[in-house]
Amino acid sequence: MRTAVALFACLALLLSPAPAPAEGPQATYVLRVPAPKGDSAQRLLRLGYDVLEQRDGDDLFVVGDPRTSQKLRADGFPSTVETAMPPSERAPRSLADATYYGGYRTITAQFAHLDEVAQAHPDLATVVDYGDSWRKSQGSGGYDLKAICITRKSPGDCALTPTAPKPRLFVMGQLHAREITTGDMAWRFIDDLVGSDLTAMLSDLEVWVVPIANPDGVEIVESGGDSPVLQRKNANGTCTSGSRGVDLNRNAGSHWGEVGSSTNKCSETYRGTRADSEVEVQALESLWRKLYRDTRAPGDTAAASADTTGAVISMHSYGDYVLFPWGWSTQKTGNDAALRKIANDMAALSGFTAGQPGEVLYNASGATDDWVYDDLGVPSFVWEIGAGSGRCGGFLPPFSCQKDAHWPKVRPMLVSAMKAAKRPY
């Protein structure tokens, strides 16, 4: 009987358009799954699949190994192979190495870059340690959590107080560790702020950049060297049938534990044991409360006041979207018109699609962008950078794509965000 099952599985793989899995570590596939917006999409998420932030009509996309297609079929979801990615091998790698996978900077290089920029431009840049990663909090390696504040410094600038004199734009990358495009976009933005025409905009604006929001997860990604490991979550926990960790973008305390998150520790959308359980999320929320005034009354429909300043951008990949709250529901926020205009203005510069997550993808709760707007009233956005296919699409585009394909789209969006942060409402 087991022989027959094995033969059937092999036949199914041979009939799919994907190449046969390589020997050794299993290949990874992106599977196209019919899942229209609404109940079907939300059921797919509830089952704990690794659903990408990408939609094509009625279809969503799931990352998995050759067994995932069989599991999807058993759960009532037919699938076809969209693309195949090479297997990830966790090759030993020195953290002192500056780059991996053709040019992407390691955590060590990213954090050294912050210090170098601050040393070279003391009139503009200040590095801030805002917490510890999970591994560091456990005394088992890990990293400081680091941000850089960039502005033309005057008294009171870059202070950890919500009453600072200038509006603030906050940009972060690699909250989901495997989304390596976003760390590179942060690196380029930092260099641009201190070495181009953008510097002139810093007289009346502070820009805060966190290039690596999930360093423990990124350490796992870069351990694969030229075959990066597709780690999404942080490093907190164990798992025998998937990846370890908690999804930091399902752990924030805004409608935590609702749609689009999982209680399964091995799920890529595992939400953790409680709201804000993860030290990385706690540190971000603490930092945001120090940077921004709270201008919104409690309640899902309350609007933030017209004198709100600032904006928060969380860069992700991929799908070519500009998303804004609410993500837990298609219900509109009290500032929907303003959020929608800012998102549409940014999307128009890049050819991206703007909308609430439930309008263009699916609903998900516990996201950091929802938390920022919910807790503080500050406009917050998620950018899903990169197409779903093609040479420069997906999680692992060649490094040359960052300069040639992604940065030319992202830079104008960042400039738009810098302008919007001054008086968003």
Side-chain angles (χ1 to χ4, degrees), residues 24-28 50 63 85-116 131-138 140-148 172-191 209-239 242-249 268 278-280 314-318 385-386 392-403 406-407:
Q26 289 185 322
T28 302
D50 187 358
V63 174
M85 294 178 281
S88 293
E89 298 186 31
R90 299 192 183 196
R93 186 172 183 82
S94 168
L95 290 179
D97 289 345
T99 65
Y100 67 102
Y101 191 53
Y104 290 91
R105 279 81 172 197
T106 63
I107 305 163
T108 302
Q110 284 273 8
F111 288 165
H113 179 235
L114 300 184
D115 292 333
E116 289 167 1
D132 294 333
S133 71
W134 181 80
R135 279 180 171 158
K136 186 165 186 181
S137 74
Q138 301 300 302
S140 58
Y143 300 87
D144 294 326
L145 301 173
K146 290 191 176 183
I148 189 168
M172 70 174 174
Q174 284 187 269
L175 186 68
H176 286 155
R178 67 192 180 187
E179 297 168 10
I180 60 179
T181 287
T182 66
D184 187 76
M185 292 298 98
W187 179 296
R188 293 173 191 273
F189 187 36
I190 291 166
D191 282 351
V209 184
V210 171
I212 306 291
N214 179 9
D216 288 350
V218 175
E219 182 178 53
I220 296 172
V221 171
E222 69 184 41
S223 73
D226 289 335
S227 295
V229 179
L230 292 180
Q231 174 75 14
R232 170 183 168 105
K233 302 180 286 182
N234 72 354
N236 179 10
T238 58
C239 179
S243 66
R244 66 183 299 184
V246 174
D247 183 350
L248 300 179
N249 209 37
E268 295 293 350
E278 302 312 293
V279 294
E280 294 91 347
S314 181
M315 296 188 293
H316 290 251
S317 65
Y318 51 89
I385 302 167
C392 291
F395 289 129
L396 304 176
F399 182 67
S400 60
C401 291
Q402 304 308 328
K403 177 182 178 181
H406 298 320
W407 182 240

Kindly give the heavy-atom pair with the smallest separation between [X] and [Y], and that separation in Å.
X: G217; Y: Q231; value: O-CG, 3.8 Å
X: R244; Y: A235; value: NH2-O, 2.7 Å
X: A98; Y: A109; value: O-CB, 3.4 Å
X: L248; Y: A213; value: CD1-O, 4.5 Å
X: P215; Y: I107; value: O-CD1, 3.0 Å
X: L114; Y: K146; value: CD1-CB, 3.9 Å

Should E222 and V218 be marked as a side chain to side chain contact (heavy atoms under 4.5 Å, CB included) after you check the CA-CA gap, both sets of side-chain angles, and the distance that decides it? CA-CA 6 Å; E222 69 184 41; V218 175; 3.9 Å; yes
Sequence neighbours excluded, which residues qualify as ring pair (Phe, Tyr, Trp, His ring centres under 6.0 Å) partners of W187? H113
Short side-chain donor-acceptor distance under 3.5 Å, Q174 and N214: no
Is the closest side-chain donor-acceptor distance between H406 and D184 under 3.5 Å? no
Parallel, tilted or perpendicular: which fits the ring planes of Y104 and Y101, with parallel below 30° and perpendicular above 60°? parallel
Ignoring hydrogens and angles, tell me if any N or O in the side chain of D216 forms a donor-acceptor pair with the backbone of G142 under 3.5 Å. no
Answer yes or no: is there a side-chain heavy-atom contact under 4.5 Å between [X] and [Y]?
X: L230; Y: R178; value: yes
X: E219; Y: R135; value: yes
X: V279; Y: D132; value: no

For I385, the option from E179, M315, Q402 that meets side chain to side chain contact (heavy atoms under 4.5 Å, CB included): M315
Side chain to side chain contact (heavy atoms under 4.5 Å, CB included) with I180: which of Y100, F399, F395? Y100
How many angstroms lie between atom OG of S243 and atom CD1 of I220, to the nearest 0.5 angstrom? 8.0 Å
Enter the distance from Q110:CD to I148:CD1 here, rounded to the nearest 0.5 Å. 11.0 Å
For T181 and H316, what are the C-alpha separation, side-chain angles and deciding distance, and is it a side chain to side chain contact (heavy atoms under 4.5 Å, CB included)? CA-CA 8 Å; T181 287; H316 290 251; over 6 Å; no
Residues N234, S133; criterion side chain to side chain contact (heavy atoms under 4.5 Å, CB included); working and verdict: CA-CA 9 Å; N234 72 354; S133 71; over 6 Å; no
For the pair K233 and H176, evaluate side chain to side chain contact (heavy atoms under 4.5 Å, CB included) and give the outcome as yes or no after the intermediate values. CA-CA 6 Å; K233 302 180 286 182; H176 286 155; over 6 Å; no
